[in-house]
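In what follows, a single structure is set out as structure tokens and then discussed.
Just so it is clear, the model here is predicted, and its values are computed rather than measured. Quick note: numbers below take in every heavy atom, side chains included, and nothing from hydrogens, waters or symmetry partners.
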Amino acid sequence: MITWLGDRLKLTAHQQTLFLNMGIGAMLATIFHAPFAGVGEAIEKTPLREHFKSHFNQMLLYILTTATGLLGFTLVNQLFPKESPFTLHTPTIHWTLAVWPLLILALIVGFVFGNLFLKIEQWCQWLADTIHRPVLLAVIAGICLGACGLLSPYLLFSGEHYLLTFTKSGLDQSFGYLLLIGLGKTVLTNLIFAFGWRGGKIFPAIFASAAIGLSLAVLFPYTPGLLVATVVAVSCTIIVAQPYVTATLLLFLLPLQFFPIILIACIGTHKIQQLHIK
């Protein structure tokens, strides 16, 4: 239907591809009630900074699109109310000196996990290049996906629509279970993408990072939300390499009071990455 409409509108091949991707993204967002479904791949493959010479114009676009998305999503929730992870939370947070050592630990864990995610991505791509048989790779990926689905539904899909229920029950789970979910999600995500399945990695990366952050919070149950937010911010910045996009997405996922720490963690991690590359 979308392709037919693109032909009727006399769109170019590139425009039809964009039109089709937008339609698929809207369909996934509707089915899973996940407002950012379908945009992960676009965020990762076409960074907005490449289209702007002015840093001010880039920042202005981020602000305007964030505000528009927030207003639009609020309106949709008013018309069709349903619980979703993408809401601005404002719980009471008590800041004490005891949190800072744990915050540093969370930064380290996020940094290690983010680099591990990228390393596993490289290993999976090497494996796919070694086998070099597209049909066989697709079948293997499907079998792995089905087997992991039998183990836990949290390993399936992007994880966006499971994120709320998972974070609510995460602190009641064991350290080993949460670690297994985080690492399993990482391996499965990179495996199926390297083996030819389509999708974006940003939301699986957020889910896997949240699982790792929760495993840390189980060991040190002091301000668990802040520990999870820090781990997710650092690791996803390393994985996506877009600090402002990462911070903006996490604004909708995590308590509003955490946002200054999230923004500092995202920008700081990106600066460290740039220094490391140089």
Give the minimum heavy-atom separation between [X] and [Y], together with the two atoms involved.
X: Thr189; Y: Pro204; result: OG1-CB, 3.4 Å
X: Leu102; Y: Leu227; result: O-CD2, 3.5 Å
X: Thr186; Y: Ala208; result: OG1-CB, 3.6 Å
X: Ala247; Y: Phe259; result: O-CE1, 3.3 Å
X: Ala217; Y: Pro224; result: CB-CB, 3.6 Å
X: Lys201; Y: Phe117; result: CD-CE2, 4.2 Å

Let me confirm one number: the [atom1]-[atom2] distance from [X] to [Y], rounded to the nearest 0.5 Å.
X: Ser215; Y: Leu180; atom1: OG; atom2: CG; result: 11.0 Å
X: Thr230; Y: Ile108; atom1: OG1; atom2: CD1; result: 12.0 Å
X: His270; Y: Thr246; atom1: NE2; atom2: OG1; result: 9.5 Å
X: Trp123; Y: Leu118; atom1: CH2; atom2: CG; result: 11.5 Å
X: Tyr244; Y: Leu263; atom1: OH; atom2: CG; result: 7.0 Å
X: Ile120; Y: Leu188; atom1: CD1; atom2: CG; result: 11.5 Å

For residues Thr237 and Thr269, is any side-chain donor paired with an opposing acceptor at under 3.5 Å?
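No, no side-chain donor-acceptor contact under 3.5 Å.
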
Identify whether [X] and [Y] are in the same connected component of the hydrophobic contact network (ILVMFWY, side-chain heavy atoms under 4.5 Å).
X: Leu219; Y: Leu105; answer: yes
X: Leu214; Y: Phe203; answer: yes
X: Val109; Y: Leu103; answer: yes
X: Leu127; Y: Leu183; answer: no
X: Val228; Y: Trp100; answer: yes

Is there a side-chain contact between Val231 and Phe113, using heavy atoms and a 4.5 Å cut-off?
no

May I ask you to test the Ile262-Cys266 pair for a side-chain heavy-atom distance under 4.5 Å?
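They are in side-chain contact.
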
Please tabulate, one pair per line, all N/O donor-acceptor pairs under 3.5 Å involving side-chain atoms of residues 128-146, not counting sequence neighbours.
residue : atom : partner : partner atom : Å
Asp129  : OD1  : Gln125  : NE2          : 3.1
Thr130  : OG1  : Trp126  : O            : 2.7

For Phe111, what residues pass the side-chain contact (heavy atoms from CB on, under 4.5 Å) criterion, not counting sequence neighbours?
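With neighbours one apart ignored, the set is Asn115, Val234, Ile238, Ile272.
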
What do the steps show when you test Ile181 against Ser152 for side-chain contact (heavy atoms from CB on, under 4.5 Å), and what is the final call?
CA-CA 8 Å; Ile181 292 295; Ser152 173; 3.7 Å; yes

Review item, side-chain donor-acceptor pairs of residues 171-178, under 3.5 Å, at least two apart:
residue : atom : partner : partner atom : Å
Ser174  : OG   : Tyr177  : N            : 3.2

